[in-house]
Engineer: 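Could you have a look at this structure, given as structure tokens, before my questions?
Every chain is numbered from 1 and lettered A, B, ... according to where its sequence line falls, protein lines coming before strand lines.
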Amino acid sequence: MAFATEHDVPIPYMQRTRDYYLKLGYPGYRWAHFVDVPFTPLATPLARARLALVTTSAPYQPGVGEQGPRAPYNAAAKFYTVYSESTESIPDLRISHVGYDRVHTTAEDPNTWLPLAQLHQAVKSGRIGALTPRLHGAPTNRSQRVTMETDAPELLRCCRDDGADAVLLVPN
Amino acid sequence: MSLVARHLEANGLPTVVMGCAKDIVEYCGVSRFLFSDFPLGNSAGRPFDVESQASTLELALRVLESAPAARTTVQSPLRWREDAAWKLDFSNLERMTPEQIAERRREFDEIKAIARTKREAV
């Protein structure tokens, strides 16, 4: 069996981004880092569990510029508070407001960032008991303080209000 | 998003994160992580490939129900493409001309200004 090429490893995003911003003349970003990691075992078998979905994708907003496939980075499409949408149908959620890979991804198929259609299938097949009635949007505003002190507690409240037994989080 | 997962776990809700940025998620530390070695924007599977999207979700669910301890990462066996050259492109200064770097700087200033205005309006 031949060895893989040297660069065939998960992309070192922190190093790449650090070098990139330094070169652009900006101070380095400090990523969140912890030694301890909380862990809660799954108490309910998935076939009986109610699953919540949390996404970083943003509701489409008319009038704030391009948000479709191949749209350039669109900061005007960002959101700054937690939002909720029904999971009964598929809401129009986009990713133009985040730094996805614009060279190798066109953002044409929402199923690559929002696995809601697949979750509907999983409910139908009995793989999971149910979905919560709402999915929830987590803001990506680069303030770790706001995320920890405001957004995360709000998302916890939302998931609890919806009776979630477990949560699937999909960052982009 | 990892910060949110941690908060939910600390308050009694089991979580699983589906994502493409392995170093960032693991540096923060989450309980369960399904890593897809795909370009950012494809955490839930390959575009227009329902089979890949179904298997990505199924793996995440298996991680959710079977992870034995915190910091469990499982890597999806799916490959974006056979040639790994795409991994060299993301924000790689070695592949940019000085003009492209200057253009990126201008764009970044613009983006920051828009985000600031929006944030202050909330």
Side-chain angles (χ1 to χ4, degrees), chain A residues 5 7-8 10-14 16-17 19-20 23-25 31-34 37-42 46 54 56 73 75-76 78 80-81 95 99-101 103-105 107-109 111-115 118 122 127 138 141 144 147-148 151-152 155-156 159 164 166-172, chain B residues 1-19 21-24 27-31 35 37 39-48 53-54 56-57 60-61 64-65 69-71 84 86-93 101 104-105 108 111 114-115 118-119 122:
Chain A
T5 52
H7 61 260
D8 197 357
I11 295 178
Y13 286 105
M14 294 195 299
R16 262 319 149 85
T17 308
D19 294 347
Y20 180 78
K23 180 86 176 184
L24 258 54
W31 281 271
H33 184 41
F34 301 90
V37 178
F39 183 82
T40 300
L42 184 68
L46 271 185
V54 175
T56 54
Y73 188 99
K78 278 185 176 288
Y80 292 89
T81 52
I95 56 170
Y100 69 86
D101 188 330
V103 178
H104 295 287
T105 294
E108 282 171 286
D109 179 6
N111 296 301
T112 63
W113 63 84
L114 190 77
Q118 284 303 326
R127 180 70 175 95
N141 56 31
Q144 292 156 350
T147 302
M148 288 194 286
D151 300 339
L155 286 160
L156 174 65
C159 292
V167 185
L168 170 66
L169 301 103
V170 189
N172 284 288
Chain B
M1 193 63 119
S2 302
L3 292 171
V4 174
R6 292 173 54 88
H7 187 77
L8 298 177
E9 290 276 349
N11 287 279
L13 267 178
T15 65
V16 59
V17 174
M18 278 164 96
K22 186 168 191 274
D23 61 337
I24 295 172
Y27 187 70
C28 186
V30 298
S31 57
F35 167 60
D37 198 2
L40 296 181
N42 299 281
S43 298
R46 244 190 235 113
F48 305 111
Q53 294 159 9
T56 303
L57 177 64
L61 295 177
L64 176 60
E65 57 193 359
R71 289 192 190 277
W86 65 270
K87 298 181 183 186
L88 296 170
D89 289 330
F90 190 87
S91 289
N92 192 344
L93 294 162
I101 291 172
R104 291 288 187 98
R105 187 179 290 131
F108 187 67
I111 286 165
I114 294 169
K118 280 210 69 166
R119 198 166 51 232
V122 172

Engineer: I need the minimum non-hydrogen distance between A:Thr56 and A:Asn172, along with the two atoms involved.
Structural biologist: OG1-N, 3.1 Å
Engineer: Can you tell me which of B:Ala84, B:Pro14, B:Ala10, B:Ala5 forms the most heavy-atom pairs within a distance under 4.5 Å of chain A?
Structural biologist: B:Pro14
Engineer: Nearest 0.5 Å, please: how far is CG in B:Leu64 from CG in A:Leu42?
Structural biologist: 5.0 Å
Engineer: For the candidates B:His7, B:Arg6, B:Arg46, which exhibits the highest count of non-hydrogen atom pairs separated by less than 4.5 Å from chain A?
Structural biologist: B:Arg6
Engineer: Taking every non-hydrogen pair under 4.5 Å, which of B:Pro39, B:Ser2, B:Ala44 racks up the most with chain A?
Structural biologist: B:Ala44
Engineer: At a 4.5 Å cut-off on heavy atoms, which part of A:Val170 comes close to chain B: side chain, backbone, both, or neither?
Structural biologist: both
Engineer: Which one wins on heavy-atom pair count under 4.5 Å against chain B: A:Trp113, A:Tyr20, A:Tyr100?
Structural biologist: A:Tyr20
Engineer: For residues A:Cys159 and A:Val54, report the shortest heavy-atom separation together with the two atoms involved.
Structural biologist: SG-CG2, 4.4 Å
Engineer: If you take all heavy atoms of A:Ala166 and B:Leu13, which pair is closest and at what distance?
Structural biologist: N-CD2, 4.2 Å
Engineer: Looking only at non-hydrogen atoms, find the nearest pair between B:Ala60 and B:Met18 and report the distance.
Structural biologist: CB-CG, 3.8 Å
Engineer: Quick check: closest heavy atoms across A:Phe34 and A:Met148, and the distance to 0.1 Å?
Structural biologist: CZ-SD, 4.2 Å
Engineer: Give the member of A:Asp19, A:Asp101, A:Leu169 that has the highest number of heavy-atom pairs under 4.5 Å with chain B.
Structural biologist: A:Leu169
Engineer: With sequence neighbours left out, what residues match B:Thr15 under side chain to side chain donor-acceptor pair (under 3.5 Å)?
Structural biologist: B:Glu9, B:Ser31
Engineer: Need one label for B:Asp37: side chain, backbone, both or neither, based on atoms under 4.5 Å from any heavy atom in chain A.
Structural biologist: side chain
Engineer: Is it the side chain or the backbone of B:Val30 that comes within 4.5 Å of chain A heavy atoms, both, or neither?
Structural biologist: backbone
Engineer: For a quick test of reading the model, state the closest non-hydrogen atom pair linking B:Arg105 to A:Leu24 and the distance between them.
Structural biologist: NE-O, 2.7 Å
Engineer: Side chain, backbone, both or neither: which part of B:Leu57 has an atom under 4.5 Å from a heavy atom of chain A?
Structural biologist: side chain
Engineer: Do A:Pro10 and B:Asp23 come close enough that some side-chain heavy atom pair is under 4.5 Å?
Structural biologist: no
Engineer: Output the option from A:His33, A:Glu108, A:Lys78 having the highest count of non-hydrogen pairs under 4.5 Å with chain B.
Structural biologist: A:His33
Engineer: Top residue by heavy-atom pair count (under 4.5 Å) with chain A, among B:Ala54, B:Gly12, B:Gly45, B:Cys28?
Structural biologist: B:Cys28
Engineer: For A:Ala107, is it the side chain, the backbone, both or neither that has a heavy atom under 4.5 Å from a heavy atom of chain B?
Structural biologist: neither
Engineer: Can A:Arg16 be said to sit on top of B:Phe90's aromatic six-ring, NZ or CZ under 6.0 Å from centre and within 45° of the ring axis?
Structural biologist: no
Engineer: Side chain, backbone, both or neither: which part of A:Asp8 has a non-hydrogen atom closer than 4.5 Å to chain B?
Structural biologist: both
Engineer: Heavy-atom pairs under 4.5 Å with chain B are the metric here; pick the option from A:Gly99, A:Ala122, A:Ala76 that has the most.
Structural biologist: A:Ala76
Engineer: Check whether A:Thr147 gets within reach of chain B through its side chain, its backbone, both or neither, counting any heavy atom under 4.5 Å.
Structural biologist: side chain
Engineer: Need one label for A:Ile95: side chain, backbone, both or neither, based on atoms under 4.5 Å from any heavy atom in chain B.
Structural biologist: side chain
